[in-house]
Amino acid sequence: MAFVGRSNVGKSALINALVGRKAIARTSKSPGKTRDCNVFDVGHKLYLVDLPGYGYARVSKGERRRFGRLIEQYVARREEAVGIVWLLDIRHAPSAEDHHMAQLLAARKMPIIIALTKADKVSATQRADRVAAIVGAFDLPADQAIVTSAATGLGIDDLRESVLAAAEN
Ligand code: GTP
Ligand code: MG
């Protein structure tokens with residue numbers, strides 16, 4: 001199961017929250033932290049794949065190309081992938097790169113789980129509006145998105161259930 005999303009969206013933090021460990025995947029305040037494909041073995045049954053983020057301007061052109069290839073390899077080709085967790089920051093309107101990712105994901109017939117991240121950064125009353133705005137931008141059903149926070153644990157059990165269900169099929 002591969003985790004994709006723009007740089008700094010919280011991929012590494014979400015993997016840590018899912019496996020219940022603080023520092024299995026390295027996180028950072030500054031974008032561009034994850035620079036390679038890091039694979040975490042969950043009981044020899046499921047592998048969580050932490051990928052570099054897309055959309056961060058301050059890495060070299062060559063690195064950006066390499067990140068792009070790593071990401072696309074999982075999203076567009078990798079046969080062993082059982083699904084993709086696509087992360088979008090609940091606070092932000094989707095970027096051009098997010099729309100590009102939506103097209104790649106749509107072309108691939110496999111389960112896509114959408115995790116809206118950093119929900120602790122918006123008030124509970126704003127959340128429904130943010131969910132509607134983001135899923136509306138992609139023409140997705142609202143119930144396909146799981147509202148999460150790696151900081152508070154919100155939605156982590158739901159997400160884990162969806163990941164395990166996708167992996168079993
Ligand atoms: P790259 O590896 O650079 O692509 O980033 P990433 O998507 O792996 O993001 P990472 O998990 O490193 O998190 C980026 C920053 O956001 C870190 O400072 C995290 O502590 C913070 N962060 C991640 N998830 C949450 C969350 O749910 N709530 C809050 N408040 N902060 C979060
Ligand atoms: Mg990371």
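Quick note: residue numbers are just sequence positions, from 1. Both counts, for ligands and for their atoms, begin at 1 and track the order of listing. Every heavy atom of this structure was used, including side-chain atoms; hydrogens, water molecules and symmetry mates were not.
Residue contacts with ligand 1 leave out Gly5, since none of its heavy atoms falls under 4.0 Å from the ligand. For Thr117, the heavy-atom gap to ligand 1 stays at 4.0 angstrom or more.
Listed by chain and number, the protein N, O or S atoms at a distance under 2.8 Å from the Mg ion (ligand 2) are Ser12 OG, Thr34 OG1.
Below 3.5 Å of separation, one finds no N or O of Thr27 facing any N or O of ligand 1. Between Thr34 and ligand 1, at least one pair of N/O atoms sits closer than 3.5 Å. Note: no N/O pair closer than 3.5 Å links Thr148 and ligand 1 by distance alone. For ligand 1, the polar-atom distance check finds no N/O of Arg26 at less than 3.5 Å from any of the ligand's N/O atoms. Taking distance alone, with nitrogen or oxygen atoms compared against 3.5 Å, Ala13 approaches ligand 1 more closely than that limit. Residue Val9 has at least one nitrogen or oxygen atom sitting less than 3.5 Å from a nitrogen or oxygen atom of ligand 1, judged on distance alone. The shortest N or O to N or O distance between Gly10 and ligand 1 is below 3.5 Å.
Residue-level proximity to ligand 1 for Ser28 is carried by the backbone, the only part with a heavy atom below 4.0 angstrom. The backbone of Pro31, and not its side chain, has at least one atom closer than 4.0 Å to an atom of ligand 1 (non-hydrogen atoms only; backbone = N, CA, C, O).
A pairwise comparison of heavy atoms in Tyr74 and Ala2 identifies CD2-CB, 3.9 Å as the closest pair. Here the shortest heavy-atom pairing between Met1 and Val163 reads CE-O, 3.7 Å. Nearest heavy atom pair, residue Ile146 against residue Leu159, reads CD1-CA, 3.9 Å. Contact detail for Lys118 and Gly10: the closest heavy-atom pair is CE-N, 4.4 Å. When every heavy atom of Ile90 is checked against every heavy atom of Arg130, the shortest pair comes out as O-NE, 2.8 Å.
Ligand 1 places these atoms under 4.0 Å from at least one heavy atom of Lys29: 18 (O). Listed by number with element, the atoms of ligand 1 under 4.0 Å from a non-hydrogen atom of Ser149 are 27 (O). Heavy-atom proximity to Gly32, at under 4.0 Å, picks out these atoms of ligand 1: 3 (O). Interface atoms of ligand 1 facing Gly53, defined by a heavy-atom separation under 4.0 Å, are 4 (O).
Of the possible polar contacts, one joining the Lys11 side chain to the Gly5 backbone as a donor-acceptor pair under 3.5 Å is found. When atom types are taken as modelled, the side chain of Arg66 and the backbone of Arg35 share a donor-acceptor pair closer than 3.5 angstrom. A donor-acceptor pair under 3.5 Å is absent between the side-chain atoms of Glu63 and the main chain of Ser60, judged by distance alone. Although no hydrogens or angles enter the test, the distance criterion places a donor-acceptor pair under 3.5 Å between the side chain of Arg127 and the main chain of Ala119. In this structure, the side chain of Ser7 engages the main chain of Gly32 through a donor-acceptor pair within 3.5 Å. Put simply, the side chain of Asn16 never gets that close to the backbone of Ala13: no donor and acceptor are under 3.5 Å apart.
A single hydrophobic cluster is not seen to contain both Tyr56 and Met101; linkage of ILVMFWY side chains at heavy-atom distances under 4.5 Å, directly or through other members, places them apart. There is a path of hydrophobic side-chain contacts, each under 4.5 Å, that joins Val131 to Ile112. In the hydrophobic clustering of this structure, Leu70 does not group with Val59; members are Ile, Leu, Val, Met, Phe, Trp, Tyr whose side-chain heavy atoms approach within less than 4.5 Å, directly or through other members. When hydrophobic clusters are built by joining Ile, Leu, Val, Met, Phe, Trp and Tyr residues whose side-chain heavy atoms come closer than 4.5 Å, directly or via intermediates, Leu88 is not grouped with Phe67.
Under the 4.0 angstrom criterion, atom 19 (C) of ligand 1 counts as lacking any protein heavy-atom contact.
Given atom 27 (O) of ligand 1, the protein heavy atom at minimum distance is Ala150 N, 2.8 Å. In this structure, atom 30 (N) of ligand 1 lies nearest to the protein heavy atom Asp120 OD2, 2.8 Å. Nearest to atom 5 (O) of ligand 1 among the protein's heavy atoms is Asn8 N, 3.0 Å.
The number of heavy atoms from other shown groups lying within 6.0 Å of CZ (Arg26) does not exceed 12.
The residue among Arg6, Lys11, Lys33, Lys118 with a heavy atom at the shortest distance from atom 6 (P) of ligand 1 is Lys11.
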